[in-house]
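Everything below concerns the one structure shown next.
Each chain gets a letter, A, B and so on, in the order its sequence line appears, and its residues count up from 1.
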There are 2 protein chains.
Amino acid sequence: MAERISDAEHSVMEVLWDKNPLTAQEVVERVAPARDWSANTVKTLLGRLLAKQVIGAEEDGRRYRYRPLVAREEYVAGESQKFIDRLFGGSLTPLVAHLAERDQLSAKEIDEIEALLKALKQ
Amino acid sequence: MAERISDAEHSVMEVLWDKNPLTAQEVVERVAPARDWSANTVKTLLGRLLAKQVIGAEEDGRRYRYRPLVAREEYVAGESQKFIDRLFGGSLTPLVAHLAERDQLSAKEIDEIEALLKALKQ
DNA sequence: TCATCGCGTTTACAAGCGTAATCTTTTATT
DNA sequence: AATAAAAGATTACGCTTGTAAACGCGATGA
């Protein structure tokens, strides 16, 4: 089901996940700051996402209001799995170990994650 | 510096990271089981990786022996950072939280990560 | 009514990618 | 010597992606 979402498309999805439904115009406004795209580019991306059936459009007068058909949660789950499979043999431990070695975990993060894991154990 | 490594190219890199230097022939043999590619395809990929300067080749008689110019460690670090930035706002905590919610962390993994974090704290 | 504007649709076009087939050169075999 | 095999280089080709411009149509303002 989940047609591949490209990088540029992903930026549009983030906007729609944040708030929806939105008109093309609104998407343009929200996506503009980050990526410096012309309105046409955004419209192309909306069109492609529609074709991939990963967003839907409902008519509203002469224009559409777009909304995601795939939950962010779902997308993130898929991508995370693919990522961890690809680089860490499917297990999270090496990822954490890796980041730890690179000193990319702050003390605060370590505490947060520990608390989280503790909660999980009961 | 790091030219983007594509998915197919990545499979070749994994083989070379595992053992190197290797001849094209050897790479073909090692990559064959996983992806079902013709020898030519693998050679094309080696050529592209060479062009991207992410592997190097030293002459050995009439053929080359290839070896990575980029450490796996380095590559993984970059990819991890990009991934976490893109989907989790740069912080690992939401990733762990996410996987936890999806029940994708086994008790064993939880223990491993806890031990790892404990070690980090001193 | 005529030019214009907003909006979606169609077309464009180069670069990257997956997946080879073909060509060239060198070497080994008959 | 002629042929076949091996290895790298060149060429191919359709699909996806990033990034738009052009087109067509209905609404709106002059």
Taking only residues two or more places apart in sequence or in another chain, which ones pass ring-ring contact (aromatic ring centres under 6.0 Å, His included) with A/W17?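 Here the qualifying residues are A/Y75.
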Residues that A/F83 engages under ring-ring contact (aromatic ring centres under 6.0 Å, His included), provided they are two or more places apart: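 ring-ring contact (aromatic ring centres under 6.0 Å, His included) check on A/F83 returns A/F88, B/F83.
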Return the value, rounded to whole Å, for the distance between atom [atom1] of [X] and atom [atom2] of [N].
X     : N      : atom1 : atom2 : result
B/I5  : C/dG18 : CD1   : P     : 12 Å
A/W37 : D/dA21 : CH2   : P     : 15 Å
A/E29 : C/dG6  : CD    : C1'   : 13 Å
A/R35 : D/dA20 : CZ    : C1'   : 15 Å
A/L46 : D/dG18 : CG    : P     : 14 Å
A/E3  : D/dC15 : CD    : P     : 14 Å
A/D7  : C/dG16 : CG    : P     : 15 Å
A/L45 : D/dA20 : CG    : P     : 10 Å

With sequence neighbours excluded, tell me which residues meet side-chain contact (heavy atoms from CB on, under 4.5 Å) with B/D85.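 Here the qualifying residues are B/Q81.
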Of all residues at least two apart in sequence or in a different chain, which pass the side-chain contact (heavy atoms from CB on, under 4.5 Å) check with B/E112?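 side-chain contact (heavy atoms from CB on, under 4.5 Å) list for B/E112, sorted by chain: A/T93, B/K108, B/E109.
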For a quick check of understanding: with a heavy-atom distance under 4.0 Å over all strands, which category does B/D60 fall into, base, sugar-phosphate or nothing?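 Contact class for B/D60: none.
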OG on A/S91 to CG on B/L105, rounded to 0.5 Å: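 That separation rounds to 8.5 Å.
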So, taking the atom named CZ in A/R65 and the one named OG1 in A/T23, what distance separates them when rounded to the nearest 0.5 Å?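 One finds 6.5 Å between CZ of A/R65 and OG1 of A/T23.
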[X] bridged to [Y] by N-O distance under 4.0 Å:
X      : Y      : result
B/R72  : B/E14  : yes
B/E114 : A/K118 : no
A/K19  : A/E26  : no

When you measure from the side chain of A/K52 to the backbone N and O of A/R4, does any donor-acceptor pair fall under 3.5 Å?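 Yes, the answer is positive, given that a donor and an acceptor are paired below the 3.5 Å cut-off.
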Suppose we call a contact any N or O donor and acceptor under 3.5 Å apart; does that hold for the side chain of B/R4 and the base of D/dT17?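 When only heavy-atom distances are counted, B/R4 does not reach the base of D/dT17 through any donor-acceptor pair under 3.5 Å.
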Hey, does the side-chain of B/R48 have a donor or acceptor N/O within less than 3.5 Å of a partner on the base of C/dG18?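 Present.
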Listed nucleotide nearest any side-chain atom of [X], set [options]:
X     : options                : result
B/T41 : C/dT19, C/dC17, D/dT17 : C/dT19
A/E9  : D/dT17, C/dG18, D/dT19 : D/dT17
A/A8  : C/dC17, D/dA20, D/dG18 : D/dG18
B/T44 : D/dA20, D/dT10, D/dT17 : D/dT10

Between protein and nucleic acid, restricted to nucleotides 7-9 of chain D and to nitrogen or oxygen atoms under 3.5 Å apart, what atom pairs and distances do you find?
{"from": "D/dG8", "atom 1": "OP1", "to": "B/Y64", "atom 2": "N", "distance (Å)": "3.0"}
{"from": "D/dG8", "atom 1": "N7", "to": "B/K43", "atom 2": "NZ", "distance (Å)": "3.1"}

In degrees, rounded to 10°, what is the bend between the two ends of the helix from C/dT1-D/dA30 to C/dT30-D/dA1, using five pairs at each?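 Here the local axes at opposite ends form an angle of 30°.
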